[in-house]
Every structure is written in structure tokens, then in C-alpha cells.
There are 2 protein chains.
Amino acid sequence: MCSAIDTGRIDALDRIVTHVQFRPGQTVFDEGDLAPYVYNISRGHVRLFKLLQDGRRQITGFLNPGDFLGLAARKTYAYSAEAISDADLCRFKVTELEELLTEMPPVRERLYEMANDELAAAQEQMLCLGRKTAKERVASFLIGQLRHAADCGAGDAAFDLAMSRSDIADYLGLTIETVSRTFTALREEGLIGLPTTHRVSIPDVAALEFATEG
Amino acid sequence: MCSAIDTGRIDALDRIVTHVQFRPGQTVFDEGDLAPYVYNISRGHVRLFKLLQDGRRQITGFLNPGDFLGLAARKTYAYSAEAISDADLCRFKVTELEELLTEMPPVRERLYEMANDELAAAQEQMLCLGRKTAKERVASFLIGQLRHAADCGAGDAAFDLAMSRSDIADYLGLTIETVSRTFTALREEGLIGLPTTHRVSIPDVAALEFATEG
DNA sequence: CGTTCAATTGAGTCTGTTCAACAGCGGTGG
DNA sequence: CCACCGCTGTTGAACAGACTCAATTGAACG
């Protein structure tokens, strides 16, 4: 429950946590909102994104169970967050969490590491968005999803996508059509299998990795 | 000197610091190198970037005097760093810096904030790379440079670019030619002035800001 | 004053977009 | 049970923005 806060102190956390639920597409918070809360995902998936005035959207990341949400926020959130699927989140008041944190310097250090990991991921994504072709972007995305599925213990090189083609497009800086075409191109080349629209199998991981270039 | 470490303890820092100099184009460190050092820039500018196998480059950021370099590193650097101009850097051994840090929790907190600021910048850049047009990207870049120049006290809406067109292109996910063409287009529209190739004036900041969209 | 490298400009090409039609699938209600 | 609807995803054809390749201009430096 509220997995991932390393050791002990679960009791202290229990006292300040609120459980909140979201339906697919529901907003957790919007960019620019005051940021009184931090969340941890116990079930479901969340997308983080930024919008331009005219509605163009860039998804900056997808969150999975165990991930934190809103940690980076200073006074206001720097991005919007929506549930992709049905999701259960644990909500903490930042102020109360801060109190606990000052008692636990190692946790603070852990948060710092997490921020750095996120930063490294963001830089990798910049490389993807700025310099990779559509095919390379989709391949990179799929390898990333595979890695995540592997961490979660899925042995076989196959996994389900929690997000729609539209989400993938907005994550990779492409259009839905290009993502769809690239999926079928990869399938026709034998680099991936698509048992259903939201399930992907990867017969030869090394081959797909090669298609990501860098 | 080694500006920007908030308060006191300059003496302690002095004991563990080494001053290193770099010529334009010189490598500070490469992606994947072991990361024993953290740097602070006392003079000059540095570019951070990642490469693909075939040489395609994505610049993830430019650093200015006062900025830190290599903080985010875990065991190895996640990106390469090169001096753009002549640069003086203060070098610290991570291990020694860590010792000081444990004595100074507020500094650690400050580092965390800095990482979060970097993360927010990275997300803004993702929006730029994934969803903005060439013109919008260049406009965003120029506004960013202007903001930085303004922070440094330049009152007028004009500033010098520390980096080449090639660096700008690799930062914005464009080619040199497109950057150049976009500069002239913005000039012909009266949105910017170009007294010299490396100097930009912005007669109407709001107008240029409008050209950045989002 | 010539060399060299960076930046600009031009012409043609291509990758990915746009616009549009169609297929698949789940849900709903007659 | 199945026709209808709405939504997501796929496919096709034409278009456009940025790229590639090439030539020219400009600026810095010896």
C-alpha cells in the first residue's frame, strides 16, 4: 500500500494520507494550479503533459503504480496530470510530508535521486524528440515500455500498452496517423507483433533495440 | 568566486576546490564517463549534449557562469559537456563535497530545488521539441536567452549569443539552415534585430513572446 | 590580402502532416 | 438478436514544413 516509501514509518504516513480515485481521463491537477498535494500511485496509470494555447499537447511522461506525482512542484504544478485508466492515488499534504521528511534525511536523499532519474529520462526524451525519426521514436518507446514491463516481472517479451495511440503520438511528438503507420511498418518488418491493438510482443529485442539507433 | 553557493563555508570549499580551464570546443567530460567530479562555472559557457551512434546531436542545455555541472550524475555522467567559449571551472570531488553536504542539510535542499528547476526546464524543452514549429522554437529560444540576459542585469532588450548557429540548431532539433532562415524571417518581420550575427535585439518583447505560442 | 570557417541563401526532395474515408469493436436500445 | 451509434485505430492521397545538397556571402585572422 502506497508502495515504495522505503522503510518503516508507514504508521506516520498512514495518519496523513488520503485515498483518492480517478476515472479514465479525469484530471488530477492542472498546470499552474497551486500544489498543496503530493500523490503516490497505488493502482492505474497517469499521464503528465503540457499544453499550448491552441491545444497542441506534449505528454512529458507516463506514471505507473508506485510512482510519485507532484514532487517536483514548487508553488504550483509545472504540468497537468490526468488518469489514463481507473486509478487509485494516495494523497499527502506537502506541508505534512515536509515535517516527516525533515526527520528523515535519507528519504530526502532518495527524493533527490528520483528527481535526477527523472531528469535523465527527460534528457533521453529530448534526444528522441529532437533528433530521432518516427520509426526510431516508436522503437525507443516500445523498448522503454518493455523495460518497464520487465521490471514488473513480466518474463516474456510482450506487454500491454496502458495508453492510446493518441497518447503515444503526443508523447513522441508525432500524429496518431504516423504512430499507427509506424506500428504496422514495424509489424510488417517482423520487429514486433500486435496480438491486439493494445498488446505488443517483441520476438527479437536486440533487433528492435537496433531500430532505436543511439 | 565559484559564485552561488549560498552562504558561508567558503573556506571549507576553498580547501577542496581545483580550478580548471577550457578552450572553446574542449571536452569537460563525456557521457558514460565515471563521474568523480562536480563543477561550477565561474567564467564562460558550456553545452550539454547527447549523441546518437551516427553523430546526430541533441544539446540538452547551455550553462552559464554560476551554474553547476555534473550534479545530476549518478555513477557516470548521463551526457557530455564541452566548453563553448574560454571557460574557467571550479572542480570538486563528489566524495569530498558529500562530506560537506551531510553537515549542511539546507544546501542539500537547495540542490533538490535546482534539480527540480532543471526538470521543469527540460519539460518545457520537450514541449518545444515535440510540438512547436521552427519559428516558435527559435522565438522561444530567444525569449529564454533574453530572460537570462535580463537576470544578469542587461537592461535593454538586446543580448549576445554565446553559441553558434550549429549549437542553436542542435538545441532546437533543427538544422543550421532552418535556424538561419528563421532568424532572417524574424528579422524581416521586425520581431528581432541582428546588429551582428551573434547579437540580437528585441524591439517588442511581447510581440516575440506571442510568436512562441504556448 | 588571401585563407578559412561560419552563416546565409537557393533549389529540389522527403518525411511526416493533413484531410478524408473506412474498418473494428463495444455498448445500447428497439 | 441485431441494427445503430460513437469512438479508436487504420489506411489512402495530397500537401507542407523542414531537410539535403550546393553555391555564395561574410567575418575573423594571420
Side-chain angles (χ1 to χ4, degrees), chain A residues 23-25 47 52 54-59 84-86 128-142 160-189 192-200 211 213, chain B residues 23-25 47 52 54-59 84-86 128-142 160-189 192-200 211 213:
Chain A
R23 312 283 304 165
R47 63 177 165 239
L52 295 174
D54 61 7
R56 279 175 289 174
R57 182 178 67 157
Q58 179 64 41
I59 292 183
I84 293 178
S85 55
D86 281 301
C128 207
L129 293 169
R131 287 301 178 215
K132 289 191 185 180
T133 65
K135 185 177 167 186
E136 290 165 351
R137 292 186 208 188
V138 172
S140 303
F141 169 72
L142 291 175
D160 287 301
L161 295 171
M163 67 295 288
S164 68
R165 296 291 191 267
S166 171
D167 287 337
I168 298 172
D170 284 350
Y171 179 63
L172 297 177
L174 301 169
T175 59
I176 307 173
E177 294 93 328
T178 300
V179 170
S180 182
R181 276 187 253 269
T182 307
F183 266 86
T184 51
L186 290 173
R187 178 172 52 71
E188 285 170 357
E189 289 178 49
I192 63 171
L194 294 169
T196 75
T197 16
H198 287 266
R199 188 165 182 81
V200 181
E213 257 289 69
Chain B
R23 313 283 306 167
R47 64 179 165 239
L52 295 174
D54 60 7
R56 279 175 289 174
R57 181 178 70 159
Q58 179 64 41
I59 292 184
I84 292 179
S85 54
D86 279 301
C128 208
L129 293 170
R131 288 298 177 221
K132 289 191 183 178
T133 65
K135 185 178 169 185
E136 290 164 353
R137 291 186 209 188
V138 172
S140 303
F141 169 72
L142 291 175
D160 287 301
L161 296 171
M163 66 295 289
S164 69
R165 296 290 190 268
S166 171
D167 286 338
I168 298 172
D170 284 350
Y171 179 63
L172 297 177
L174 301 170
T175 59
I176 307 174
E177 293 93 328
T178 301
V179 170
S180 181
R181 276 186 254 269
T182 308
F183 266 85
T184 51
L186 289 173
R187 176 171 53 72
E188 285 169 357
E189 288 178 50
I192 63 172
L194 294 169
T196 74
T197 11
H198 287 265
R199 187 164 182 81
V200 182
E213 259 287 70

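Please read all numbers here as calculations on a predicted model, not as lab measurements. First the proteins, then the strands, lettered A, B, ... as listed; each starts at 1.
- Proximity of A/T175 to the phosphate of C/dT17: a side-chain N or O atom is located under 4.0 Å from OP1 or OP2.
- Between A/R181 atom CZ and C/dT15 atom C1' the separation is 11 Å, expressed in whole Å.
- Listed candidates were C/dT9, D/dT10, C/dT17. Nearest to the side chain of A/L174 is C/dT17.
- Rounded to whole angstrom, the span from the CZ atom of A/R56 across to the P atom of D/dG17 amounts to 12 Å.
- Proximity of A/T184 to the phosphate of D/dT11: a side-chain N or O atom is located under 4.0 Å from OP1 or OP2.
- Using a cutoff of 4.0 Å between basic side-chain nitrogens and carboxylate oxygens, A/R56 and B/E213 are scored as salt-bridged.
- Of the candidates C/dT9, C/dT18, D/dG9, C/dT9 carries the atom nearest the B/R187 side chain, counting heavy atoms from C-beta on.
- A 4.5 Å side-chain heavy-atom check between A/D170 and A/M163 finds every atom pair outside the cut-off.
- Contact annotation for B/T133: backbone-only contact, meaning every heavy-atom pair under 4.0 Å involves sugar-phosphate atoms and none involves a base.
- The nearest whole Å value for the distance from the CZ atom in B/R131 to the C1' atom in C/dG16 is 11 Å.
- Between A/V179 and A/F141 there is no side-chain heavy-atom pair separated by less than 4.5 Å.
- In this structure, A/H198 reaches the D/dG9 phosphate: one of its side-chain N or O atoms is under 4.0 Å from OP1 or OP2.
- Put simply, CZ on A/F183 is 16 Å from C1' on D/dT11, counting in whole angstrom units.
- Taking side-chain N and O atoms only, A/S180 has a distance below 4.0 Å to OP1 or OP2 of D/dT10.
- Using a 4.0 Å heavy-atom criterion, one finds that A/S164 contacts the sugar-phosphate atoms exclusively.
- Put simply, CZ on A/R137 is 14 Å from P on C/dT15, counting in whole angstrom units.
- B/R137 contributes a side-chain N or O that, together with a main-chain N or O of B/L172, makes up a donor-acceptor pair within less than 3.5 Å.
- In this structure, CD of B/E177 is placed 11 Å from P of C/dT8, rounded to the nearest angstrom.
- With rounding to the nearest 0.5 Å, the separation of CG in B/L129 from OG in B/S140 is 10.0 Å.
- Atom-to-atom, CD1 of A/I176 to P of C/dG16 comes out at 17 Å; the value is rounded to the nearest Å.
- The separation between B/L172 atom CG and D/dC19 atom P is 10 Å, rounded to whole Å.
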